[in-house]
There are 2 protein chains.
Amino acid sequence: MEKKTDNTVRLQDVAKKASVGVGTASRVLNNHPNVSEEKRKRVLEVMEEMGYRPNFVARSLKTKSTKTIGLILMDITNPFYADILRGIQDEVTKADYSLILTDLGTKGNHLPKAIETMGDKKLDGIIYIGNQVDDDSAQLFLDTRRPLVFVSTAVILVNKELHDDFFSIEIDNENGAYEGVMHLIHRGYKRIALISGVKGDQNSSVPRMKGYKNALEEKGLHINPQWIHHGEHSFKTGYEGMKGFLSLSKVPDAVFAISDMAAIGAMKAAFELGYRIPEDIGVIGFDGITHSAYTHPTLTTISQPRYEMGTKAIQLMLDQIEGRVQKGRRVLLDYRLVKGGSC
Amino acid sequence: MEKKTDNTVRLQDVAKKASVGVGTASRVLNNHPNVSEEKRKRVLEVMEEMGYRPNFVARSLKTKSTKTIGLILMDITNPFYADILRGIQDEVTKADYSLILTDLGTKGNHLPKAIETMGDKKLDGIIYIGNQVDDDSAQLFLDTRRPLVFVSTAVILVNKELHDDFFSIEIDNENGAYEGVMHLIHRGYKRIALISGVKGDQNSSVPRMKGYKNALEEKGLHINPQWIHHGEHSFKTGYEGMKGFLSLSKVPDAVFAISDMAAIGAMKAAFELGYRIPEDIGVIGFDGITHSAYTHPTLTTISQPRYEMGTKAIQLMLDQIEGRVQKGRRVLLDYRLVKGGSC
DNA sequence: TAATTTCAAGTATAGCTTTTCGTAAATATT
DNA sequence: AATATTTACGAAAAGCTATACTTGAAATTA
């Protein structure tokens, strides 16, 4: 009961030296009221003098709060996610929480393991940013019985029902895409191709493709299946998609890319084949990453409020952790058409 | 001693149901030898049946190991760092550790707080990736008394002495820069400008500028102070640097950028002013981020083994945590000139 | 057979903090 | 002045696991 194996100083060491009970010392530490000014001062002095630092692990065991939020994300390599992370980080820092990050990466399905570990480590909440999650993983999320926030992720189906015990933050993807394609049409483009994401992904691919089709149909333009390319949110996807389009007998005159990464890859491919942008072929992207302002020509894009998505995510998380809200809901943020020189 | 407030199942619940001592249950959990096959099986069954999940926090309190590594990095928005993170993440996942991330961002000095928090939360080790740290923060790092790995960071000075109780992973920045500039010279460029990082930063700015100067001096080329621009590793810095150079009466014919981000920004500025790359002005970058392969023309760059830097960082970290090494050392990895079309 | 070794398995304790509880003292109320 | 209420504070429990220690039985040896 009085072993000092290493030289860490414990609260009871402080208490003893200050001649108070360990309970009192704890109260001082946590700014509880019922402690006399005299003892408070003495304890504080001794803490300073001995260089006492509270043990977070022991505290967590007792309070059941780790002051740590888990963040699972798709691919940190994509600046879109990195920008969201910046918002998350700033807000987390402000609230004195820590962040446990799991970057899923592209190879292998590490999601179930990641969710379970975050539950086991007693994180106070979990944020997920990425593609739609399958039903099994969705169930795992709920099983952790922790506050959840999904960013830029389609609402999940569990047992074929919509759950309302988590938050989600998105933009109106369908209308965003619609507006982007409309912009192309207004600029005079008529043969508009689509570089999409993972087929069937309810997060970005499905709603954005819907917006794309809505716009074309509304204007009576032809939807050519050959002009739709599926892939990831990567340079490579855009590059390959564009290469494919430009090798067809009937070449499109504009491309709507589901992400800026893909748009940049597409531009590269067009340039390589000697096409001029925007004269020969127009390009529009989606996301609004910083990078899109540094291509030549500058990329026109549907910009998402990335930083704000991050800050909002943490705010909603803290609302849940601190019991200010009960039911989850879907939060829609505004997107914005940023006009560049690519179309 | 027998309160069940919520429905979490504890090891002692498992033990009771399996009619064994809690010690035995613990041994089963940790694969200790001295337990009969019969009881092991029974305990395992009960665990499965009750859905038992070990409490990491309680375990950490006892074992003094959190199975969590801290990562402090400069700016996740820079793909160079994001790529390193990918390597770190993969290796961390493999070893069944978690990662607590602190992205310092650009505004405010959050480093001291970040270090202290990671110490307080009893993380098993800390990795730092970024600019040179000041002496005070360096001392804080050492005060945590935890394994340390510094990636792409200049060796730190504490009390004006070189410490050897931490690891660092770098490339030979001076020679890398030297080689890059030499490449420009061999391609026929003679008026070579430099877009550098933070002035005096021993991490990248100082050694790379040294390599830059070495090359110029060796070839008897003029070093023009007006052709040196300081800033950050960002698009903006490169953009502004190049704009500045091209407004001078005596314009350079090539630019060596300290990072690919800056190089891309510089290319953008040159294009805007109607310069052709590589005909009118040559550009070479540093880092080798994926992005550099998708500019037009493709960016020539000194590529750093980013992913490997990450995996190596974790390997060295685990070596320390698991006691396989005592003294720290400096690890140099290989860089590589990747020839693009920008010079 | 008795003594010794070996091993399985149960018990108690440590790890550090917060919180509950009970007591004593101080203050307020009548 | 006597009682009720509030406040200060120490002792101990609780949170959950791992480990050191202990015990008892079985196996080995003399």
Side-chain angles (χ1 to χ4, degrees), chain A residues 1-44 46-47 50-68 119-122 124, chain B residues 1-44 46-47 50-68 119-122 124:
Chain A
M1 199 182 286
E2 273 297 331
K3 287 270 192 62
K4 266 213 199 178
T5 76
D6 55 8
N7 53 359
T8 75
V9 29
R10 302 162 299 174
L11 192 56
Q12 69 178 249
D13 300 323
V14 172
K16 175 178 274 185
K17 189 151 186 178
S19 323
V20 299
V22 61
T24 305
S26 172
R27 274 183 288 258
V28 171
L29 199 59
N30 297 291
N31 287 319
H32 278 241
N34 293 353
V35 47
S36 67
E37 209 40 57
E38 173 214 342
K39 301 214 172 188
R40 156 162 283 127
K41 198 172 148 234
R42 195 160 77 229
V43 169
L44 250 26
V46 174
M47 279 180 177
M50 301 181 80
Y52 170 76
R53 312 238 48 169
N55 184 324
F56 252 90
V57 177
R59 177 177 286 176
S60 294
L61 181 60
K62 183 66 191 175
T63 63
K64 295 176 172 302
S65 155
T66 50
K67 288 278 180 188
T68 304
D120 291 347
K121 292 208 171 171
K122 307 295 178 195
D124 294 344
Chain B
M1 197 181 289
E2 272 299 330
K3 287 270 192 62
K4 266 214 199 176
T5 81
D6 57 8
N7 53 1
T8 75
V9 29
R10 302 161 300 177
L11 192 56
Q12 69 178 250
D13 300 324
V14 171
K16 176 179 274 185
K17 187 150 186 180
S19 324
V20 300
V22 61
T24 304
S26 172
R27 274 182 290 257
V28 170
L29 201 57
N30 297 291
N31 287 320
H32 277 240
N34 290 355
V35 47
S36 66
E37 209 40 58
E38 174 213 346
K39 301 217 171 187
R40 156 163 281 128
K41 199 172 149 233
R42 194 159 79 229
V43 169
L44 251 26
V46 173
M47 280 180 176
M50 302 181 79
Y52 171 75
R53 312 238 48 167
N55 184 323
F56 251 90
V57 177
R59 177 178 287 176
S60 294
L61 181 61
K62 180 66 189 176
T63 62
K64 294 176 174 303
S65 154
T66 50
K67 287 278 180 189
T68 305
D120 290 347
K121 292 208 171 170
K122 308 296 176 193
D124 294 344

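Naming convention: chains lettered A, B, ... in sequence-line order (proteins, then strands); numbering from 1 in each chain.
Each of B:Ala58 and A:Ala25 was matched to the nucleotide of DNA chain C holding its nearest heavy atom; the match closer to the 5' end belongs to B:Ala58. Residue whose closest nucleotide on DNA chain D sits further toward the 5' end, between A:Ser19 and A:Arg59: A:Ser19.
Comparing atom distances between the A:Leu11 side chain and each of C:dC16, C:dT17, D:dC16 picks out C:dT17 as nearest. Candidate nucleotides C:dT19, D:dA18, D:dT17 were compared by shortest atom distance to the side chain of A:Lys62, and C:dT19 ranks first.
Using a cut-off of 4.0 Å between Lys/Arg side-chain N and Asp/Glu carboxylate O, B:Arg10 and B:Asp13 are scored as salt-bridged. Remark: A:Arg42 engages A:Glu38 in a salt bridge, criterion side-chain N to carboxylate O under 4.0 Å.
A sub-4.0 Å separation between OP1 or OP2 of D:dA18 and a side-chain N or O of B:Asn30 is present. Between A:Thr63 and the phosphate of C:dT19, there is no side-chain N or O to OP1/OP2 separation shorter than 4.0 Å. Residue A:Ser26 places none of its side-chain N or O atoms closer than 4.0 Å to OP1 or OP2 of C:dT17. Checking the phosphate oxygens (OP1, OP2) of D:dT17, a side-chain nitrogen or oxygen of B:Tyr52 falls inside 4.0 Å.
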Evaluate the side chain to side chain contact (heavy atoms under 4.5 Å, CB included) criterion for residues A:Phe56 and B:Lys122: first the C-alpha distance (whole Å), next the side-chain angles of each, then the deciding distance (0.1 Å), finally the verdict.
CA-CA 7 Å; A:Phe56 252 90; B:Lys122 308 296 176 193; 5.7 Å; no

Test side chain to side chain contact (heavy atoms under 4.5 Å, CB included) on B:His32 and B:Thr24; report intermediate values, then the result.
CA-CA 9 Å; B:His32 277 240; B:Thr24 304; over 6 Å; no

Residue pair A:Lys41, A:Leu44: steps toward the side chain to side chain contact (heavy atoms under 4.5 Å, CB included) verdict
CA-CA 5 Å; A:Lys41 198 172 148 234; A:Leu44 250 26; 5.7 Å; no

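With sequence neighbours left out, the salt bridge (Lys or Arg N to Asp or Glu O under 4.0 Å) criterion links B:Lys17 to B:Glu49.
Between the NE2 atom of B:His32 and the C1' atom of D:dA18 there is a distance of 8 Å, rounded to whole Å. Atom-to-atom, CZ of A:Phe56 to C1' of C:dC16 comes out at 14 Å; the value is rounded to the nearest Å. For A:Arg53 and C:dC16, the CZ to P distance is 16 Å, given to the nearest whole Å. Atom CG in B:Asn31 sits roughly 11 Å away from atom P in D:dA18 (whole-Å rounding). Note: NZ (B:Lys122) to P (C:dC16) measures 8 Å, nearest angstrom. Here the P atom of nucleotide D:dA11 and the CZ atom of A:Arg27 are 12 Å apart, to the nearest Å. Put simply, CD on A:Glu38 is 14 Å from C1' on C:dA25, counting in whole angstrom units. Note: CZ (B:Arg42) to P (C:dA9) measures 9 Å, nearest angstrom.
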Check nucleotides 6-8 of chain D for protein N or O atoms closer than 3.5 Å to its own N or O atoms and list the pairs.
unit_1 : atom_1 : unit_2  : atom_2 : d
D:dA8  : OP2    : A:Asn34 : OD1    : 2.9

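Among the atoms of the strands shown, base atoms are found under 4.0 Å from some heavy atom of B:Leu61. A:Val20 comes within 4.0 angstrom of the backbone, heavy atoms only, and of no base.
Put simply, NZ on A:Lys64 and OG1 on B:Thr8 are 5.5 Å apart, with the number rounded to the nearest 0.5 Å.
Judged by distance alone, with hydrogens and angles left aside, the side-chain atoms of A:Asp124 form no donor-acceptor pair with the main-chain N or O of A:Ser65 at under 3.5 Å. Not one N or O on the side chain of B:Ser26 forms a donor-acceptor pair closer than 3.5 Å with the backbone of B:Val22.
A side-chain donor from one of A:Thr68 and B:Lys121 sits under 3.5 Å from a side-chain acceptor of the other.
The rotation axes computed at either terminus of the helix from C:dT1-D:dA30 to C:dT30-D:dA1 lie 40° apart, taking five pairs at each end and rounding to 10 degrees.
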